[in-house]
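All chains are named by letter (A, B, ...) in the order of the sequence lines, taking the proteins before the strands, and each is independently numbered beginning at 1.
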Number of protein chains: 2
Amino acid sequence: MGDDATLPLVDDEVDRIFRALADATRRDIVRRTLTEEITVSALAAAYEMSFAAVQKHVSVLESAGLVNKNRHGRERLVRGNPDTLRKAQLLLDQYEELWRGRIDRLDALLTGEPAGDPTGDLAGGPPADPAPGSP
Amino acid sequence: MGDDATLPLVDDEVDRIFRALADATRRDIVRRTLTEEITVSALAAAYEMSFAAVQKHVSVLESAGLVNKNRHGRERLVRGNPDTLRKAQLLLDQYEELWRGRIDRLDALLTGEPAGDPTGDLAGGPPADPAPGSP
DNA sequence: CAAATATACAACCGGATGGTTGTACGTTAT
DNA sequence: ATAACGTACAACCATCCGGTTGTATATTTG
């Protein structure tokens, strides 16, 4: 019920997730906040960069859905979100399955699409253009 | 002689992997080449961008270790590399484990580090600066 | 209230990215 | 040998990214 971001913009969402994970500082933030809620200040103190920089990293993680920020007084408690992590996990698992030659239909589960592809293709397909008949 | 990229520069390698995966076109290339070898031209024909652009995407994937290029006459056959994919998978699995509260020691397996951290910290730790005692 | 703290946000900058076009080179085919 | 094909690579451009500093706002604390 609550989720409305599962139908058309999967690609963009996945882009953000992986891009957010493509930075050592951000991975470290995820790592930490998965086990405990930490304020942005506390996080910032752990890295050799400005507070604003860490703030930006948290923001990137947040807009990717990898962390949530809950306010507690004047502080913002950052908490890792395992659900989003699991989404990336599923995608990679899917690639693994695909490689093994058995795709099944778990891609439908992954993308939330109810058997959208009549081609039997995997979730996503070509991002922009499916296949020009003949140029 | 063989591999020298397993000890100190893990972070950078992971960066490249996730960054490479943070693009829908590149994910699609990985997806395709996991099940069959395809030439760069054939790949390029599938997307609405120039040949050179696709070439660059393949290059990014290759330098991340996500695909290999084998030459066959004048063509280059692109083949997905499930090993690298599995590396990313392991990292995410590790986060999942961490979230569940049981870290075990599989991080040593992941990073190849023989119990490098006396702190019991997870693989990687803060990328640049561990923890300033108190500035 | 005032001062200190924690955060938010805008502006700016150098470098990386993703795309283009053009050219050169090796390989097949005629 | 020449032409066509597949690829590589350089140059260029707009945009994004990761970092900085500076300023503003809300919340505690004295």
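A continuous path of Ile, Leu, Val, Met, Phe, Trp and Tyr side chains, each step under 4.5 Å between heavy atoms, connects A/V10 with A/F18, placing both in one hydrophobic cluster. The cluster map of Ile, Leu, Val, Met, Phe, Trp and Tyr, joined by side-chain heavy atoms under 4.5 Å apart, puts A/V60 and A/L66 in different clusters.
Nearest to the side-chain atoms of A/A52 among the listed nucleotides D/dT21, D/dC9, C/dA8 stands D/dT21. Side-chain proximity of A/E75 to the nucleotides C/dT20, C/dA6, C/dT17 is greatest for C/dA6. For A/R74, the listed nucleotide lying nearest its side chain is C/dA4; candidates were D/dG19, D/dG18, C/dA4. The side chain of A/Q55 has C/dC9 as its nearest neighbour among C/dT21, C/dC9, D/dT21. Side-chain atoms of A/R71 lie closest to D/dT27 of the nucleotides D/dC9, D/dG19, D/dT27.
Checking A/R19 against B/K69, the closest nucleotide of DNA chain D that is more toward the 5' end is the one next to B/K69. Judged by closest nucleotide on DNA chain D, A/V60 is the one of A/V60 and A/H72 placed further toward the 5' end.
At whole-Å resolution of the value, CG in B/D23 and P in C/dA16 are 19 Å apart. Rounded to whole Å, atom P of D/dG18 lies 18 Å from atom CD of A/E48. As a whole-Å value, the separation of A/M49 CE from C/dG14 P is 20 Å. Atoms OH (A/Y47) and P (D/dG19) sit 12 Å apart, rounded to a whole Å. Atoms NZ (B/K56) and C1' (C/dG22) sit 13 Å apart, rounded to a whole Å. Between the C1' atom of C/dG19 and the CZ atom of B/F51 lies a distance of 15 Å, rounded to the nearest Å. Look at CZ on B/R76: it is 13 Å from C1' on D/dC5, rounded to the nearest Å. Look at CG on B/N70: it is 16 Å from P on C/dT27, rounded to the nearest Å.
One finds no side-chain N or O of B/S50 lying less than 4.0 angstrom from the OP1 or OP2 phosphate oxygen of C/dG19.
A salt bridge is absent between B/K87 and B/D83: the closest approach of a Lys/Arg side-chain nitrogen to an acidic carboxylate oxygen does not fall below 4.0 angstrom. Salt bridge present: A/R100 and A/E97 bring a charged side-chain N and a carboxylate O closer than 4.0 Å.
Panel note: side chain B/R27, backbone A/D11; a donor-acceptor pair is recorded below 3.5 Å.
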